[in-house]
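Down below is the structure, laid out as structure tokens.
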Amino acid sequence: MKKKIKEATQFLQEKGKIQPKIGIILGSGLGGLVEEVTSCKVIPYEQIPHFPVSTVEGHGGNMIIGYLHDIPVIMMQGRFHYYEGYSMQEITFPVRVMKALGIESLLVTNAAGGINESFVPGDLMIINDHIQAMGSNPLIGGNDEQLGARFPDMSRVYKESYRTMAKEVAKRLGISIKEGVYIAVTGPSYETPAEIRMFRTLGADAVGMSTVPEVIVAGHTKLPVLGISCITNLAAGVSTHTLSHKEVIETTERVKETFQTLAKEVVVEMVRKGE
Ligand code: HPA
């Protein structure tokens, strides 16, 4: 694993030429943030040694290296999903590479279904905790102590000061913001209404098919995380109509501007907090 991380990291260092401070993973339909990046280098995943290749509609497949508001960043335009058939280790490999490139924190974003009945499509939610319901974990297997601990703590992975800051930034920008627990399932089928009722009982506010494996690896490598979900639809049984990927993409398209404004500002503040 270390050799693979090194090869991918060296490749990106040569291509990118800058030292990113923040890693950003853009969820379904949220890839538009790359339009805001200056001195932008676009590196397709298939060119990067040991990277898997993304297949889903609405997901680009590029590493973007450049500046967001003068902050050096590395962005994943599109991520890898467990339901595509990759292993947990494969979908989280880019987080290891970004860490090796020197990022100091990670912003993860996703599209999610709203379980909390006070949520409406288009809401943005700060993730304050997660539930791993994918039935697997990217840290299963031998552990390399140089990468992280065998039994890493996850109780503070969504850094509190980032969450507070993100809420303050949203308030300042006049963006209404929710906060809650994200539960991760494998997909690709959407949930049943009974599953959603169960998840609500368990304390989940939003459901999606990503993010948690990446956050577990971030926790393993001691990268502080800020997570933002875009509530693209009401979850099964809460919604009165059939769930579709089309609705997910339509909602992300509608809130694009708001999401990008918030993301840009929080990135600046994440760097300030780290200094
Ligand atoms: N369920 C699971 N994943 C999702 C959903 C959903 O309702 N919406 C967007 N991603």
Apply side-chain contact (heavy atoms from CB on, under 4.5 Å) to Met75 and Val34, showing your working.
-> CA-CA 8 Å; Met75 251 183 221; Val34 305; 3.8 Å; yes
Modelled atom types, side-chain donor and acceptor of Asn143 and His220, under 3.5 Å = yes
Does the distance from a Lys or Arg side-chain N to an Asp or Glu carboxylate O, for Lys167 and Glu179, drop under 4.0 Å?
-> yes
State whether the side chain of Glu84 and the backbone N or O of His81 hold a donor-acceptor pair below 3.5 Å, judged by distance alone.
-> yes
Do side-chain atoms of Ser239 reach the backbone of Ala235 as a donor and acceptor pair under 3.5 angstrom?
-> no
Compare all side-chain heavy atoms of Pro72 with those of Gln19 and state whether any distance is below 4.5 angstrom.
-> no
How about Arg150: does its CZ atom have over 12 heavy atoms from other parts shown lying under 6.0 Å from it?
-> yes
Hey, does the side chain of Lys17 reach the backbone of Glu14 with a donor-acceptor pair shorter than 3.5 angstrom?
-> yes
Run through Glu269, Glu257, Glu36, Glu35 and flag the one making a salt bridge (Lys or Arg N to Asp or Glu O under 4.0 Å) with Lys264.
-> Glu36
Give a yes or no on whether the backbone of Gly227 and the side-chain of Thr109 come within a donor-acceptor separation of less than 3.5 Å.
-> no
Give the cluster check for Val97 versus Met88: same hydrophobic cluster or not, with ILVMFWY residues linked at side-chain heavy-atom distances below 4.5 Å.
-> yes
Report the C-alpha separation of Gln77 and Asn62 in whole Å, then their side-chain angles, then the decisive distance to 0.1 Å, and conclude whether the side chain to side chain donor-acceptor pair (under 3.5 Å) test is met.
-> CA-CA 5 Å; Gln77 186 182 32; Asn62 301 302; 3.0 Å; yes
Determine yes or no for a side-chain-to-main-chain donor-acceptor pair under 3.5 angstrom, with Tyr182 supplying the side chain and Ser210 the backbone.
-> yes
Show your reasoning for whether side chain to side chain donor-acceptor pair (under 3.5 Å) applies to Asn110 and Ser229.
-> CA-CA 5 Å; Asn110 59 49; Ser229 291; 2.7 Å; yes
Apply salt bridge (charged side-chain N to carboxylate O under 4.0 Å, His left out) to Arg156 and Glu160, showing your working.
-> CA-CA 7 Å; Arg156 274 176 266 284; Glu160 188 178 356; over 6 Å; no
Please tell me if the side chains of Asn233 and Val238 come closer than 4.5 Å, counting only heavy atoms from C-beta onward.
-> no
Does the Glu195 side chain pair with the main chain of Thr192, one donor and one acceptor, at a distance under 3.5 Å?
-> yes
Can the ring centres of Phe80 and Phe93 be said to be less than 6.0 Å apart?
-> no
In terms of side-chain geometry, is the basic nitrogen of Lys246 or Glu250 positioned less than 4.0 Å from the acidic oxygen of its partner?
-> yes
Has Asp153 got more than 12 heavy atoms of other residues, nucleotides or ligands less than 6.0 Å from its CG?
-> yes
Please determine which of Thr211, Leu107, Leu30, Ile127 meets the side-chain contact (heavy atoms from CB on, under 4.5 Å) test together with Ile228.
-> Leu107
Taking atom types as modelled and ignoring hydrogens, do the side chains of Thr221 and Arg96 form a donor-acceptor contact shorter than 3.5 angstrom?
-> no
Measure the shortest side-chain to side-chain distance between Asp205 and Met125 over non-hydrogen atoms and say whether it is less than 4.5 angstrom.
-> yes
side-chain contact (heavy atoms from CB on, under 4.5 Å) between Leu147 and Lys99, worked out = CA-CA 10 Å; Leu147 295 178; Lys99 167 78 181 187; over 6 Å; no
Candidate list Leu12, Ile24, Ile64, test side-chain contact (heavy atoms from CB on, under 4.5 Å), partner Ile74, passing option | Leu12
Mark yes or no: Lys256 above the aromatic ring of Phe259, with NZ or CZ under 6.0 Å from the six-membered ring centre and no more than 45 degrees from the axis.
-> no
Should Tyr190 and Val248 be marked as a side-chain contact (heavy atoms from CB on, under 4.5 Å) after you check the CA-CA gap, both sets of side-chain angles, and the distance that decides it?
-> CA-CA 12 Å; Tyr190 287 115; Val248 171; 3.8 Å; yes
Hey, mind stepping through Leu68 and Ile22 against side-chain contact (heavy atoms from CB on, under 4.5 Å) and telling me if it holds?
-> CA-CA 10 Å; Leu68 196 60; Ile22 299 215; over 6 Å; no
